[in-house]
Student: 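Right, I'll just put the structure down here and ask away after.
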Amino acid sequence: MKKLRCCVIDDEPLANRLVTSYVERTPMLELAGSFDSAQDAVKTVLDGKIDIVFLDIQMPQLNGLEFAKIIPSDCRIIFTTAFDQYAVQGFKVNALDYLLKPIC
Amino acid sequence: MLSLRVNSTVIYVMDNSERKYGSEIQDDPKAELDRLKTQLNPHFIFNTLTSIYALIDFDRDQARRAVHQLSHLLRYVVYDISETTLESDLQFTRNYISLMKLRLRPGDALDVRIDCGGCGNMPIAPMLFVTIIENAFKHGRFTDSTHPISISITARDGHVNCHTVNPYTPDQSSSDAPHGVGLLNLRRRLQLLYGGSATLTTEGDGNLFVCDLNIDLNQENSCQ
């Protein structure tokens with residue numbers, strides 16, 4: 001079975017590491033990269049045939065909701081955030097799912 | 001309708017009578033001080049809990065320490081004190097910095113120097129430094145710079161100085177600028193509490209942002 005290629009984008013180092021470790025432990029997922037800012041992830045997400053992006057919302061400079069608008073439409077977005085006030089906006093940019101931190 | 005609890009009296013103010021609300025507050029420095037009181041940013045609490053949750057997997061000893069620090073911090077905030085000692089406030093500040101450090105990237109540099117210089121027993125209003133430190137982290141983190149976030153709080157002969165330097169990007173949007181509402185509130189609070197005995201200066205110096213707070217704790221405090 002083809003594995004789903006995933007990217008993790010989160011500026012909080014520990015939260016990033018946790019989601020990354022979940023991806024690494026899940027047999028059907030393959031980690032294509034984990035990034036501490038959306039800018040750093042642009043090239044990988046736009047070029048890299050990514051299937052799923054785990055995307056934090058509140059990040060400095062380019063935030064998750066802004067970044068979501070340039071993610072290719074065949075790439076699924078799962079928002080990860082500590083704040084549920086962004087949920088509605090998250091689904092407006094076509095999120096597949098929305099995980100409230102801490103993610104277990 | 002907006003309800004305000006001030007000194008056990010509930011005052012109801014219509015939403016559209018902002019001017020009346022404003023003038024009442026100006027007439028009552030205690031009510032204004034209550035409004036300006038520094039509070040922990042809820043984002044700080046939730047992000048810290050998320051970090052601790054992850055630490056339980058990666059480093060249980062550090063997770064325990066962080067829970068301990070967070071509980072001290074919350075105790076300080078929940079018990080609504082109007083005055084504390086410099087020593088207690090600096091302990092609160094150390095805990096705050098330790099928890100903020102959990103959110104730095106491996107490459108982010110931080111210099112901290114805290115020394116109460118024999119003034120630990122002097123009374124001080126609580127949480128005067130946290131707004132400045134929060135700003136230094138918020139703007140210093142994620143700015144590509146070799147300059148560290150630098151935090152220094154020192155005291156001598158009843159004079160306390162809090163000096164922070166952090167890298168920042170000068171063209172950030174105004175809502176996110178380092179002279180936002182937090183620093184405005186702090187400035188007003190200092191004025192009410194310490195009048196001319198406190199000065200707060202902020203300046204952008206190229207890609208560095210410098211904040212300097214001086215308080216003379218020897219002066220009698222008019223609003224306590």
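Only a predicted model underlies this, so the values are computations on that prediction, with no experimental measurement involved. Letters A, B, ... are given to chains in the order of the sequence lines, protein chains preceding strands, and every chain is numbered from 1.
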Student: Could you check whether atom NZ of A/Lys2 has more than 12 heavy atoms from other residues, nucleotides or ligands sitting under 6.0 Å from it?
Tutor: yes

Student: Please check if atom NE2 in B/His68 has more than 12 non-hydrogen atoms from other residues, nucleotides or ligands closer than 6.0 Å.
Tutor: no

Student: Find out whether B/Leu55 and A/Leu14 are in side-chain contact, i.e. whether some heavy atom of one side chain is under 4.5 Å from a heavy atom of the other.
Tutor: yes

Student: Taking side chain as everything from C-beta outward and backbone as N, CA, C, O, which of these in B/Ile52 sits under 4.5 Å from a heavy atom of chain A? Side chain, backbone, both or neither.
Tutor: neither

Student: Can you find a pair of side-chain heavy atoms, one from A/Pro102 and one from B/Phe46, that are under 4.5 Å apart?
Tutor: no

Student: To the nearest 0.5 Å, what is the distance between CG (B/Leu102) and CD (A/Glu12)?
Tutor: 9.5 Å

Student: Flag the pair B/Asn47 / A/Phe83 as yes when at least one side-chain heavy-atom distance between them is below 4.5 Å, and no otherwise.
Tutor: yes

Student: Measuring heavy-atom distances to chain B, does A/Gln39 have an atom under 4.5 Å in its side chain, in its backbone, in both, or in neither?
Tutor: neither

Student: Are the side chains of A/Ser21 and B/Phe58 in contact, using a 4.5 Å heavy-atom criterion?
Tutor: yes

Student: Give me the atom names and distance for the closest heavy-atom approach of B/Leu104 to A/Pro13.
Tutor: O-CG, 3.2 Å

Student: How about residues 68-76 of chain A versus chain B: which residues have heavy atoms under 4.5 Å apart?
Tutor: none

Student: Roughly how far apart are A/Arg17 CZ and B/Ser51 OG, rounded to 0.5 Å?
Tutor: 11.5 Å

Student: Check the surroundings of atom CD in A/Glu66: do more than 12 heavy atoms from other residues, nucleotides or ligands lie under 6.0 Å from it?
Tutor: yes

Student: With a 4.0 Å cut-off, would you call B/Asp57 and A/Arg25 a salt bridge?
Tutor: yes

